[in-house]
Amino acid sequence: MAIGFLFFCHGTSTLFAWPTAPHRGHTAAVGAWPSWWGAVIQLVCGAALFLGLGTRIAAFIASGSMAYAYFWSHQPDGVLPIQNNGELSAIFCWVLFLMIFLSAGALSLDRLIARGGRTAQSGERAPAAPPANKDLPPNCVR
């Protein structure tokens, strides 16, 4: 939830100057490549990650956008993130990449939706127990 919220805030900052003005002081022009599109990805994927809705897909897209941001915006200024002020892009990229494999947490909408689907099917009869093996003596446990 925390990573999703922080990612969402980067999107709102770049698009709407909320809760604060973006890094360079002005919002991205509508449709401007890559700043506006990156901010839209941050806004949508950040909200999805915060809510835990489509977590793996959102994390995949967001991680890729941060990798692109790092190599497009920061890499030309130096090889290492500490040299080119790309630490935040690199950290977001790797944390979001990890979230692809970890998926959503227990409080996510993905889990609530999955749990709801299972309870709807709970009215069905449970499968019958397998027949006892008559070849075994009565005191033998399978």
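Please read these numbers as outputs of a predicted model, since none were measured by experiment. Any value given below was found using the heavy atoms of this structure, including those in side chains, with hydrogens, waters and symmetry copies removed.
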Considering non-hydrogen atoms only, spot the tightest contact between [X] and [Y] and give its length.
X      : Y      : value
Ser108 : Gly105 : OG-O, 2.9 Å
Gly78  : Asn84  : O-ND2, 2.8 Å
Gly54  : Asp110 : N-OD1, 3.0 Å
Ala104 : Thr55  : CB-OG1, 3.3 Å
Ala62  : Phe7   : CB-CE2, 3.4 Å
Cys93  : Ser63  : O-OG, 2.9 Å

About how many Å separate [atom2] of [Y] and [atom1] of [X], when rounded to the nearest 0.5 Å?
X     : Y     : atom1 : atom2 : result
Thr14 : His26 : OG1   : NE2   : 10.5 Å
His74 : Met66 : NE2   : CE    : 8.0 Å
Leu49 : Ile3  : CG    : CD1   : 9.0 Å
Leu6  : Ile91 : CG    : CD1   : 11.0 Å
Phe5  : Leu51 : CZ    : CG    : 12.0 Å

Side-chain heavy atoms nearer than 4.5 Å, only ILVMFWY residues, links allowed to pass through others: does that put [X] and [Y] together?
X      : Y     : result
Leu107 : Phe50 : no
Phe101 : Trp94 : yes
Ile41  : Trp36 : no
Ile82  : Tyr70 : no
Val40  : Phe16 : yes

Legend entry - Leu102 atom CG: more than 12 heavy-atom contacts under 6.0 Å: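 Enclosed.
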Legend entry - Side-chain heavy-atom pair Val44, Ile61 within 4.5 angstrom cut-off: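 A side-chain contact is absent here, since even the closest heavy-atom pair is not under 4.5 Å.
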Legend entry - Intermediate values then yes/no, side chain to side chain contact (heavy atoms under 4.5 Å, CB included), Gln83 and Asp77: CA-CA 7 Å; Gln83 295 171 320; Asp77 296 334; over 6 Å; no
Legend entry - Flag, side chain of Ser13 to backbone of Thr20, donor-acceptor distance under 3.5 Å: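 A pair under 3.5 Å: yes.
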Inset, instruction - Name the orientation class of the two ring planes belonging to Tyr68 and Trp72 (parallel below 30°, tilted from 30 to 60°, perpendicular beyond 60°). - result: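 The arrangement is parallel - the two ring planes meet at less than 30°.
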Legend entry - Geometric class of the His10/Phe92 ring pair [parallel <30°, tilted 30-60°, perpendicular >60°]: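 Perpendicular.
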Inset, instruction - Mind running side chain to side chain contact (heavy atoms under 4.5 Å, CB included) on Thr27 and Leu15 for me, showing each step along the way? - result: CA-CA 5 Å; Thr27 58; Leu15 292 174; over 6 Å; no
